[in-house]
Amino acid sequence: MNVGENVDLHCHSTASDGDLSPHDLVLRAHQQGVTTLALTDHDTVAGLLEAQQAAEAMGMQLVSGIEVSCLWHHTTLHIVALNFGFANPVIEALQHAQTQARSARSEKIAHALVKKGLPDLLEDVRAIAPEGIPGRPHFAQLMLERGLVKSMEEAFKRYLGAGKVGDVQSCWRDMSEIMPILNQAGATCVIAHPCKYKLSWMRLRALFQEFRDLGGQGIEVAVSGHSPSEMASLAQECRRFGLKASVGSDFHSPRYSWAELGRAPTLPTNVTPIWEEWVQCGVVA
């Protein structure tokens, strides 16, 4: 496997809650100088084939990926699973189960918003979501279109963000159930954007230790939104727990300039990149 200088291992397409199709996402990444890209849509690999075909046409290295939702001690957690093969029956079975959980979650979100005084948005939000399975950004988009809020940011701040009425968590399986599945699939597993969970460093260390003990391999150290001090602290935790470091933009839309493809912060020099083993093996799934 050839890993170039510009690596982005976390982004989203219209297969989940991104604004660009998998093809257009790869094209934009290419234009931004990305040489190695992982498409990591939420709980689905539906966009991987289209992205792989586009990457081959543009001479880019595409790594298989998925961002899996789970729970850790009642906190919603995202695990980026990478390099597991493009036609993996274990991942496909997981996708099916996660889709069912997402469908149940969208119903609970819609019901919670109705109880808060908003109209029932479920059927209309299903119409704009991939495969009719909406996430919170789709609810926010519809609320904005309906004039219920003045911006996507307001939708999350008032209704959908962490701790708000639409922040439904109970549908996800525990990390201790998800990790054996990802290990069985042969995935390289990374905890996504650790500093976004608003956990204390003591709690984060407990998470990192349990994640490592379950077979996890890495932490997303350099990701859009992490400050230099946060990255330095995460690099220290990588060394403490023997974990590798990943990098990603968490790109969703060209509208969000702070999370542009290929523009994630640079990894600190005192960590081992998550892709080192892939390079040594000379292959990518």
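For the single chain, residues carry numbers from 1 onward in sequence order.
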*Asks:* Give a yes or no on whether a salt bridge exists between E237 and R205, defined as a side-chain N under 4.0 angstrom from a carboxylate O.
*Replies:* yes
*Asks:* Does any donor atom in the side chain of N6 or T35 lie under 3.5 Å from an acceptor atom in the other side chain?
*Replies:* no
*Asks:* Would you say the side-chain atoms of R263 pair up with the backbone N or O of Q32, donor to acceptor, closer than 3.5 Å?
*Replies:* yes
*Asks:* Just grab all the ring pair (Phe, Tyr, Trp, His ring centres under 6.0 Å) pairs involving residues 222-251, residues at least two apart or on different chains.
*Replies:* none
*Asks:* Is the closest side-chain heavy-atom distance between L94 and L182 below 4.5 Å?
*Replies:* yes
*Asks:* Which class fits the ring pair H12 and H42: parallel under 30°, tilted 30 to 60°, perpendicular over 60°?
*Replies:* parallel
*Asks:* Not counting sequence neighbours, which residues clear salt bridge (charged side-chain N to carboxylate O under 4.0 Å, His left out) with R102? List them please.
*Replies:* D43
*Asks:* Between T188 and F84, is any pair of side-chain heavy atoms under 4.5 Å apart?
*Replies:* no
*Asks:* Check for me, please, whether L267 and L261 land in the same ILVMFWY cluster - side-chain distances under 4.5 Å, paths through other members count.
*Replies:* yes
*Asks:* Side chains of P268 and V221: does their closest heavy-atom pair fall under 4.5 Å?
*Replies:* yes
*Asks:* If I compare all heavy atoms of L243 with all of G216, which pair ends up nearest, and what's the gap?
*Replies:* CD2-O, 3.5 Å
*Asks:* Does any donor atom in the side chain of H78 or E67 lie under 3.5 Å from an acceptor atom in the other side chain?
*Replies:* yes
*Asks:* Between N88 and A185 (side chain of the first, backbone of the second, donor and acceptor by atom type, cut-off under 3.5 Å), is there such a pair?
*Replies:* yes
*Asks:* Salt bridge check, R136 against D17: does any charged N sit closer than 4.0 Å to a carboxylate O?
*Replies:* no
*Asks:* Got F211 and L77 here, is their nearest side-chain heavy-atom distance under 4.5 Å?
*Replies:* no
*Asks:* Would you say the side-chain atoms of D8 pair up with the backbone N or O of H10, donor to acceptor, closer than 3.5 Å?
*Replies:* yes
*Asks:* Does Q95 offer a backbone N or O that forms a donor-acceptor pair with the side chain of T99 under 3.5 Å?
*Replies:* yes
*Asks:* Are any non-hydrogen side-chain atoms of V149 and Y159 less than 4.5 angstrom apart?
*Replies:* yes
*Asks:* Are the charged groups of D19 and R28 less than 4.0 angstrom apart, N to O?
*Replies:* no
*Asks:* Residues in ring-ring contact (aromatic ring centres under 6.0 Å, His included) with H23, at least two apart?
*Replies:* none
*Asks:* Should the pair E154-K157 be classified as a salt bridge under the 4.0 Å nitrogen-to-oxygen rule?
*Replies:* no
*Asks:* Are any side-chain N or O atoms of H96 and backbone N or O atoms of A93, one a donor and one an acceptor, separated by less than 3.5 Å?
*Replies:* no
*Asks:* Using atom types as modelled and distance alone, determine if a side-chain donor or acceptor of D167 lies under 3.5 Å from a backbone N or O of G163.
*Replies:* yes
*Asks:* Working to the nearest 0.5 Å, report the span between CD of Q217 and CZ of R212.
*Replies:* 12.5 Å
*Asks:* Find out whether W275 and V247 are in side-chain contact, i.e. whether some heavy atom of one side chain is under 4.5 Å from a heavy atom of the other.
*Replies:* yes
*Asks:* Side-chain contact test, heavy atoms from C-beta onward, threshold under 4.5 Å: evaluate it for V223 versus S249 and give yes or no.
*Replies:* no
*Asks:* Apply side-chain contact (heavy atoms from CB on, under 4.5 Å) to the pair E50 and S21, showing each step before the final yes or no.
*Replies:* CA-CA 9 Å; E50 180 182 333; S21 70; 3.8 Å; yes
*Asks:* Is there a donor-acceptor pair closer than 3.5 Å between any side-chain N or O of S106 and the backbone N or O of S103?
*Replies:* yes
*Asks:* Donor-acceptor pair, distance only, cut-off 3.5 Å: does the side chain of Q98 make one with the backbone of S69?
*Replies:* yes
*Asks:* Using a 4.5 Å cut-off on heavy atoms from C-beta on, say whether the side chain of C11 contacts that of L25.
*Replies:* yes
